[in-house]
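Notes to accompany the following structure.
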Amino acid sequence: MRKATVTIKPAALTHNLMQVKKRTPHAKVLAMVKANAYGHGIKAVLPALKQADGIGVASFTEALEARNLGWNKTLGLIEGVFNASEWQQAIDYDCSCVIHHTPQLDWALANVPDATSPARTVWLKYNTGMNRLGFDDESVIQAAKLLYDAGYQLVLTTHFANADDRNHPLNTVQIQRFSSMLEYLREHVSSDIKGSLCNSAAIINFPEHAYDWVRPGIMLYGSSPVNHKRADELNLRSAMDFSAQIMALQTIKAGDAVGYGSRWTALQDTKVALVSIGYGDGYPRVVSDEAYVSVVDSRDEQNYHCPIRGRVAMDMLVIDLSGVPEDIALDSEVMLWGTVPHVDEVAAYAGTIGYELLCRLSARPLRVLA
C-alpha cells in the first residue's frame, strides 16, 4: 500500500497558540484557519484551537464548515462578504465581517442585524500602506461614523506589508498611521472602538502593538513568520509531518543519470532509494541540490539526512542513501517535512515560503491525527 501520509499534531497547535498568548497576554486571539487551516484541515485543528477567542476564515464556505463542526465563538470573515445575499447569510450564521470597500458598507447599512447578533460587530479595514484592501483616511472616518450611528460595534484593522522584516521602514509608517487613526476614532466616534494590527510576524516583532485583537496564522502551524529566526528559535512546533516510505532500492552506476531531464549523474556507484511521493502529493517539483529528506531507521529510530537526486516526479523521487546502513529496510519511513527537515527549509530549497507548501498539499496523501 502506498503510504504518502500527512500527520496533523493537535498538541503542537495548542502549544503554538499558547506562545501567541504568552507574547500578547492582553489581546484576544483570532486564529486564522483560512485555506483549509493552511492545509492542515479545519476539522483537524478546531479542537486544538478551542482556547482561541475566535477564528478567521476567507470565505463563507469556510465559515459554514466551521459552524457545522460546532465552532460557536467569534467567527470572522476576513475578506468580508462578496454580495448582498451573502451579507444576510453571514448574519444568519453569526459571522463578524470585515468591511473594506463601499459596497460592503452599503450592504451593512441596508441590513443591520439585531443588537444581540455577533454580526453586529464589524472589522473596519484601514489601508495604512499595504495598498490592497481597505479605506483611505477620509473614507475610513466616514465609514466608522456611519457604522457606529447604525448601531455597530467596530474593530479597526489593517494589515502589514513587511512585518516579517522588522527593520523595514514601512512598518513604522503603518504603525503610526494605525495608532493615530484609532486614537482619532476613539475621540471623535466612540471610545469603545477596538483595534487589531498584528498578524503572526507582528506578534513576534511588534507585540507592544497588539491592541485588542491579534490575528495569528502561520505561527499556529509551527512555521516562522519572520526572516531572522527559525521556528525552533521562536519555540514553535511543527503541526504537520509529511512522510512516505521507501518503495524500491537500487544502485546507480558511475556515469549514469537519474530521472527526467537526467539532471543528476552519479560520480561513483551510488545506492539510492525510490520514495513514494511527488508533486502529485504536494511536494515541490523544483528544489535545489541542497534539498534533503530524513530516513528513519525503525530499528533504532535514528534519522539519516539523504539528499534528493534528480528531478522530483509526479509520484516519486530519488534519494541518495550514502551514509545510511546497507541493510536499511525497504519500507523505512521518509520524512519530507516535519521537525527535520522543517517545511521552511524545504520552501527555501524550492524558492518559496512554507505557507505555499502547506496550502497546496493535494488530497491524495492519507491524513491522520497524531
Side-chain angles (χ1 to χ4, degrees), residues 26-34 52-64 66-68 71-128 132-159 177-198 209-215:
H26 304 298
K28 292 184 177 181
V29 177
L30 191 76
M32 292 295 117
V33 298
K34 59 182 180 173
D53 301 284
I55 58 173
V57 298
S59 70
F60 183 73
T61 301
E62 293 174 337
L64 185 59
R67 285 295 188 226
N68 288 338
W71 185 264
N72 57 12
K73 297 184 186 179
T74 296
L75 203 168
L77 283 167
I78 63 170
E79 293 179 10
V81 297
F82 291 81
N83 53 58
S85 62
E86 199 169 77
W87 173 259
Q88 182 58 57
Q89 289 178 300
I91 294 174
D92 294 341
Y93 283 88
D94 294 334
C95 299
S96 182
C97 295
V98 164
I99 293 177
H100 59 74
H101 68 150
T102 301
Q104 292 174 333
L105 176 62
D106 293 340
W107 301 331
L109 295 175
N111 189 2
V112 179
D114 294 337
T116 57
S117 170
R120 196 70 171 257
T121 296
V122 294
W123 296 58
L124 184 59
K125 191 68 169 282
Y126 174 36
N127 178 16
T128 57
R132 196 171 59 175
L133 297 176
F135 295 96
D136 61 19
D137 290 10
E138 182 178 347
S139 298
V140 78
I141 294 170
Q142 182 182 14
K145 290 178 178 177
L146 290 171
L147 289 165
Y148 179 74
D149 289 343
Y152 285 98
Q153 289 79 50
L154 305 180
V155 181
L156 185 70
T157 186
T158 194
H159 198 63
R177 286 176 178 170
F178 184 84
S179 60
S180 295
M181 181 58 70
L182 183 59
E183 182 179 357
Y184 179 90
L185 293 179
R186 284 175 171 173
E187 180 178 351
H188 292 90
V189 178
S190 170
S191 60
D192 292 331
I193 293 177
K194 308 300 183 184
S196 177
L197 178 61
C198 291
H209 298 292
Y211 291 100
D212 302 286
W213 284 88
V214 292
R215 310 184 308 274

(message) Between N83 and S85 (side chain of the first, backbone of the second, donor and acceptor by atom type, cut-off under 3.5 Å), is there such a pair?
(response) yes
(request) Taking side chain to side chain donor-acceptor pair (under 3.5 Å) as the test, write out the residues that go with T128, two or more places apart. (result) T158, Q174
(message) So, using side chain to side chain donor-acceptor pair (under 3.5 Å) as the criterion, who are the partners of Q88 when residues are at least two apart?
(response) D92, N111
(message) If I take atom CG from residue L185 and atom OG from residue S191, how far apart are they, to the nearest 0.5 angstrom?
(response) 12.0 Å
(request) Apply side chain to side chain donor-acceptor pair (under 3.5 Å) to D106 and list each qualifying residue two or more places apart in sequence or on a separate chain. (result) none
(request) State whether the side chain of S96 and the backbone N or O of T121 hold a donor-acceptor pair below 3.5 Å, judged by distance alone. (result) yes
(request) Hey, could you give me each pair passing ring-ring contact (aromatic ring centres under 6.0 Å, His included) that has a residue in residues 80-116? Not counting sequence neighbours. (result) F60-Y93
(message) Please report the interatomic distance CG(L109) to CD1(I99), rounded to the nearest 0.5 Å.
(response) 7.5 Å
(request) Without swapping roles, check the side chain of R120 against the backbone of G151 for a donor-acceptor pair under 3.5 Å. (result) yes
(request) Examine distances only and state if a side-chain atom of Q104 and a backbone atom of E79 form a donor-acceptor pair shorter than 3.5 Å. (result) yes
(request) Could you tell me the separation between the CD1 atom of I193 and the CG atom of L147, rounded to the nearest 0.5 Å? (result) 9.5 Å
(request) Apply side-chain contact (heavy atoms from CB on, under 4.5 Å) to S179 and list each qualifying residue two or more places apart in sequence or on a separate chain. (result) Y211
(request) Give a yes or no on whether the backbone of K28 and the side-chain of D53 come within a donor-acceptor separation of less than 3.5 Å. (result) no
(request) With side-chain hydrogen bond (donor to acceptor under 3.5 Å, both in side chains) as the test, would you mind laying out the steps for D137 and Y126 before giving the verdict? (result) CA-CA 8 Å; D137 290 10; Y126 174 36; 2.7 Å; yes
(request) Output, in order, the C-alpha distance, side-chain angles, deciding distance and verdict of side-chain contact (heavy atoms from CB on, under 4.5 Å) for T74 and I55. (result) CA-CA 6 Å; T74 296; I55 58 173; over 6 Å; no
(request) Can you see which heavy atom on C97 is nearest to which on L77, and at what distance? (result) SG-CD1, 3.7 Å
(message) For the NE2 atom on H26, are there more than 12 heavy atoms of other groups (residues, nucleotides or ligands in this structure) within a distance under 6.0 Å?
(response) no
(request) Taking all non-hydrogen atoms of both residues into account, name the closest pair between A90 and A119 and its distance. (result) O-CB, 4.5 Å
(request) With rounding to the nearest 0.5 Å, note down the distance linking NZ in K125 to OG1 in T157. (result) 6.0 Å
(message) With heavy-atom distances below 4.5 Å as the criterion, would you say the side chains of I78 and K34 are in contact?
(response) yes
(request) Might you point out which heavy atoms bring A27 and V214 nearest each other, and give the distance in Å? (result) CB-CG1, 4.0 Å
(request) Could you pull out the closest heavy-atom pair between S196 and W213, with the gap in Å? (result) OG-O, 3.1 Å
(message) For S139, give me all partners under side chain to side chain donor-acceptor pair (under 3.5 Å), at least two apart in sequence or on another chain.
(response) D136
(message) Show the nearest heavy-atom pair for residues F178 and L156, with the distance to one decimal.
(response) CZ-O, 3.3 Å
(request) Kindly say whether L30 contributes a backbone atom to a donor-acceptor pair with the side chain of R215 at under 3.5 angstrom? (result) no
(message) Between L154 and V122, is the side-chain contact (heavy atoms from CB on, under 4.5 Å) condition met? List the steps.
(response) CA-CA 5 Å; L154 305 180; V122 294; 3.5 Å; yes
(request) Please answer whether the main-chain N or O of A108 pairs with a side-chain N or O of Y152 as donor and acceptor at a distance below 3.5 Å. (result) yes
(request) Taking all non-hydrogen atoms of both residues into account, name the closest pair between V189 and K145 and its distance. (result) CG2-CG, 3.7 Å
(message) Measuring from atom OG1 of T102 to atom CD of Q142, what distance do you get when rounded to the nearest 0.5 angstrom?
(response) 8.0 Å
(request) Verify, without hydrogens or angle tests, whether R177 (side chain) and M181 (backbone) share a donor-acceptor contact under 3.5 angstrom. (result) no
(request) Can you establish whether the number of heavy atoms outside E183 located under 6.0 Å from its atom CD is more than 12? (result) no
(message) Keeping R67 on the side-chain end and D94 on the backbone end, is there a donor-acceptor pair under 3.5 Å?
(response) yes
(message) Can you tell me how far apart CG (L124) and CD (Q153) are? Round to the nearest 0.5 Å.
(response) 13.5 Å
